[in-house]
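The next block holds one structure in the form of structure tokens; read it before the comments.
To find a chain, count down the sequence lines: A is the first, B the second, and so on, and within it residues start at 1.
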Amino acid sequence: MKQYILPALRLTVICIVVFCVVYPTIIWAIAKAAPGQGKGETIQKNGKVIGYEKLGQSFTEDRYFNSRPSAVAYNAAGSAGSNKGPSNPDYLKEVQARIDTFLVHNPDVKTSQIPVELVTASGSGLDPHLSPKGAKIQIARIAKIRNVSSEKLTQLVDQYTEKPFMGPEVVHILKLNIALDEL
Amino acid sequence: MNTEILSVGLTFLVTILLAIPLGRYIARVYKGESTLLDPIFNPLDKLIFRITGVDASREMNWKQHLYALLTINLVWFFVAMFLLMNQGWLPLNPDGNPSMSPNLAFNTAISFLVNCNLQHYSGETGMSYLNQIAFVTFLQFVSAATGLAAAALVFKSLTPNSATVQKGLRGLGNFYNYFVKSLTRILLPISILVAVVLVFNGTPMNFEGKDQFISVQGDTVNVSRGPAAAMIAIKHVGTNGGGYFGANSAHPLENPNFLTNTVEIMAQMIIPLAMVFALGFYLKRRKLSWMIFGVMTIGFLLLTIPAIYSEIQGNPQIQKMGIDQSSGAMEGKEMRIGVPASAYWSIGTTVISTGSVNSMHDSTMPITGMMQMLAMMTNAFYGGCGVGILNFYVFIIIAVFISGLMVGRTPEFMGKKIEAREIKIAMIVALFHPFLILVGTSLSAYGITNLKDIAWLNNPGFHGFSEMLYEFTSSAANNGSGFEGLGDNTPWWNISTGIVLLLGRFIPIIGPLAIAGLLASKKHIPESAGTLKTDTSTFGLMIFAVILIITALSFFPALTLGPIAEYFSIY
């Protein structure tokens, strides 16, 4: 037995050195050269951090482009999806309620125009994006409240639409709303 | 949507194209031939062997391999238990996360030890920075290397030349040699590459604890960060799958954009695919590799295509509400990843036994959920680091035996006769998997129906049953993903899945090792006209039939109660 225990102990120690000290230190040092220095890229306004570039925020007020429903209310101390199954009757009622609420806040919109992401929670609860459709459908409401022309808002949404290589087209809602405040 | 579907196909193709040269490289590493990376890693390996005093050239037979493997795993288990139960007061814990309860620590320690990474805790609140590195990252490296080392032994056992014989058993290389080389020459370089891609796309790698800010709308928001990039790289490369954050690769910091999503899914599939090709290069039998690859790929596609299709169709119950569901079933999915790439990942991660998720499997459509479970129930298409090829090896043995009987030839594989002992071991390994899953699920189902104060389930009805079935399937297959609605941090789930994890890991390693050892000690019979050809498509079909029959017979009743019943309840 001894012939197996000693190598096991020694190998464990050296693996801890290589994979828990050397390897993370290399990555940590490389991260210093990356945007955000490995601390996460922030978005600042007047020298104050108002958000993390990768993380979505809760936008529920009518004067902002609303973000998707979230199981953790966009508090990035944690992260989770709703984990509701497709047949769960309570869940289906909740989705119906979200549709109804959306229609109350956006009276010009027809049910068939509401994109599904606006009434379903994301996997992380921190999804920073909407589809261009999901943003544009909110333009009429925001234009009315803010007294801005719809054309201008459409332009703004187009400007903040990202088209990654082969990936889905998305709009970054935090950046879009910050730009909206600056109009 | 169409470009996204195309991107999924392209991702798969590129993974295969990269896996072929990697397989050639892996074969050279295990054969001890020279490779491009020698100038860097020869000195490192030498240093490791000198400090540890291990003689890496000493030949070991299969039993000595097994003792070495089990002993070092036992050491890791004790180290892991200590770290988890004391993380509250140990250093590098800026968020002040508490120490784990003994039963949670038991489950977590085993789960990472066996390369499964089932997580009954949430990364942000349940794991200190010290343990994200010293426990999680450490075990993610060494458990993957354990699987690879076991596969290397099986490779060696299939070579015809009989080398040194000790106590009647043939030497099959040195465990420590395979183990260290898997770490330094395969896992480490690929992990560094992936980690670099991640940090430059916004994944954090720092030690500064939670940040706090006031959001645009005026909410106070806390942000969990930490040494994530280093861990997320090996989590995929080593087919581990345990998330740094609770939401795993659905988290925007763990998987910031479509590019990282593609890199992460490729990183987790590449070594299992490469091992199939490595076998062919190692034995100089490329045709055998292509046969195995063909069977696995047909299985993989049969699972993937229905999954992607049913996710794109979306939830029929939501369709009835009359909204625009053209982007598919979005519950539990991220916009930047989209439905096709999420569905593809969900099958990739369950086939490969990684278990990282970029969408919440609990919220996928019934057919997709069934495909995810079937991927883990068959547990033989590609599979995890090293152990995938071991599981497939068991099915090869069974298929050789059955086809030998069917055509009236002596069952032989690679010039070795397969006899009663080997086939018994193979059958035990193959049948133990459904046994663990079905017994565990039925005990839980008994508990939930008979004990009033149990409230594990997040969903009622058939889907609730699926949550329990998925948990045991994932444990037995050492996958680690979950229908995460299940309230699984309870003594019952921690202990029962902990035991299933252990058995689900070590029986499929010990079995093939024993078969390999037994076969290696037998006399080599030269190939003749009477030999059953094992590298033909006919034999591939035979293996496929064996896998299909075992899976269907074992799991069809359970699947009927879960996803199949749910399907008919919503369509």
Side-chain angles (χ1 to χ4, degrees), chain A residues 4-5 7-12 14-16 19-20 23-24 27-28 30-31 34 38-41 49-50 52 54-55 57-59 75-81 83-88 92 95-96 99 111-117 120 122-124 126-129 164 166-168 170 177, chain B residues 3 7 48 51-52 54 67-68 71-72 75 124 133-134 138 141 195-196 199-200 202 204-206 213 215-216 221-225 227 229-230 245-247 250-253 256 258 315 317 322-325 330-336 338 359-360 362 365 458-459 463 484-485 566 569-570:
Chain A
Y4 298 109
I5 287 180
L9 287 173
R10 291 193 196 128
L11 260 177
T12 303
I14 195 143
C15 284
I16 288 176
F19 298 108
C20 306
Y23 166 70
I27 307 302
W28 175 78
I30 294 173
K39 296 171 195 168
E41 287 165 81
V49 175
I50 52 166
Y52 271 66
K54 301 294 175 214
L55 301 176
Q57 286 186 10
S58 171
F59 288 103
N75 190 347
S79 59
N83 286 314
K84 299 289 186 197
S87 61
N88 188 330
L92 293 168
V95 173
Q96 185 62 56
I99 296 173
T111 312
S112 62
Q113 293 173 311
I114 303 175
V116 64
E117 81 257 19
T120 49
S122 63
S124 61
L126 306 169
D127 194 343
H129 296 113
M166 300 213 92
V170 287
N177 278 327
Chain B
T3 45
S7 85
I48 291 176
I51 296 175
T52 53
V54 170
Y67 294 144
T71 312
I72 199 162
V75 170
E124 294 95 332
I133 292 177
F138 171 71
F141 269 104
V196 168
V199 291
F200 278 95
M205 184 68 200
N206 70 336
F213 66 88
S215 77
V216 173
V221 176
N222 292 302
V223 180
S224 291
R225 302 179 296 179
F245 300 102
H251 197 292
L253 292 177
F258 198 73
N315 187 340
Q317 294 292 320
I323 60 168
D324 173 6
Q325 209 181 193
M330 283 310 295
E331 182 71 36
K333 292 196 183 61
E334 301 281 304
M335 295 308 297
R336 66 188 178 284
S359 68
M360 293 302 130
D362 212 346
M365 295 303 109
N458 192 35
N459 291 289
H463 196 84
E484 287 299 335
E566 191 187 14
S569 76
I570 63 169

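Of the residues considered (B:Gly246, B:Ala134, B:Pro227, B:Ser215), B:Ser215 shows the highest number of contacts with chain A, using heavy-atom pairs under 4.5 Å. Interface remark: of the candidates B:Ala229, B:Pro252, B:Ala250, B:Pro252 forms the most heavy-atom pairs closer than 4.5 Å to chain A. Contact count versus chain A (heavy atoms, under 4.5 Å) is highest, among B:Asn458, B:Val54, B:Ile570, for B:Asn458. Between chain B and the options A:Gly81, A:Ala80, A:Pro7, A:Ser122, the largest number of non-hydrogen pairs under 4.5 Å is found for A:Ser122. For chain A, the option among B:Thr3, B:Ile323, B:Ile72 with the highest count of heavy-atom pairs below 4.5 Å is B:Ile323. Of the listed residues (B:Met360, B:Arg336, B:Glu331), the greatest number of heavy-atom pairs within a distance under 4.5 Å of chain A belongs to B:Glu331. Per-residue counts of heavy-atom pairs under 4.5 Å with chain B were compared for A:Pro164, A:Pro128, A:Ala34; the largest is that of A:Ala34. The choice from A:Ala76, A:Gly40, A:Pro115 that makes the most heavy-atom pairs within less than 4.5 Å of chain B is A:Ala76.
Under the 3.5 Å distance criterion, the side-chain polar atoms of A:Tyr52 are left unmatched by any main-chain donor or acceptor of B:Val223. Between the side chain of A:Ser79 and the backbone N or O of B:Ala247 there is at least one donor-acceptor pair closer than 3.5 Å. Panel note: side chain B:Ser224, backbone A:Ala77; a donor-acceptor pair is recorded below 3.5 Å. Side chain of B:Asp324 to main chain of A:Ser112: no donor-acceptor pair is present (N/O by atom type, distance under 3.5 Å, no hydrogens or angles). In this structure, A:Asn75 contributes its side chain and B:Val221 its backbone to no donor-acceptor pair below 3.5 Å.
Side-chain contact of B:Glu334 with A:Ser124: a donor-acceptor pair under 3.5 Å is present, judged by distance alone. At a cut-off of 3.5 Å, with distance as the only test, a side-chain donor of A:Asn88 or B:Asn459 sits close to an acceptor on the other residue.
Minimum heavy-atom separation, B:Met335 to A:Asp127: N-OD2, 2.8 Å.
When heavy atoms are compared at a cutoff of 4.5 Å, A:Ile16 approaches chain B by way of both its backbone and its side chain. Proximity to chain B is absent for every atom of A:Asn177, based on heavy atoms less than 4.5 angstrom apart. With a 4.5 Å cut-off on non-hydrogen atoms, A:Ile114 touches chain B through its backbone and its side chain both. At a 4.5 Å heavy-atom cutoff, the contact between A:Phe59 and chain B is made by backbone and side-chain atoms alike. Using a 4.5 Å cut-off between heavy atoms, A:Pro24 touches chain B through backbone and side chain atoms alike. Both the backbone and the side chain of A:Val49 have a heavy atom closer than 4.5 Å to some heavy atom of chain B.
With rounding to the nearest 0.5 angstrom, the CD atom of B:Glu566 is 3.5 Å from the OG atom of A:Ser87. The NZ atom of B:Lys333 sits 13.0 Å away from the CD atom of A:Glu117 when rounded to the nearest 0.5 Å. We find the CD-OG1 distance between B:Gln325 and A:Thr120 to be 8.5 Å, quoted to the nearest 0.5 Å.
Residue B:Tyr67 qualifies as open at atom OH: its count of foreign heavy atoms under 6.0 Å is 12 or below.
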| field | Derivation of the ring-ring contact (aromatic ring centres under 6.0 Å, His included) call for A:Phe19 and B:Phe138 | value | CA-CA 6 Å; A:Phe19 298 108; B:Phe138 171 71; 7.7 Å; no
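Side chains of A:Pro168 and B:Phe258 form a contact here, defined as non-hydrogen atoms less than 4.5 Å apart. Residues B:Asn315 and A:Val95 fail the side-chain proximity criterion, which asks for heavy atoms closer than 4.5 Å. Inter-residue side-chain proximity for B:Val216 and A:Gln57 is flagged as met; some heavy-atom pair is nearer than 4.5 Å.
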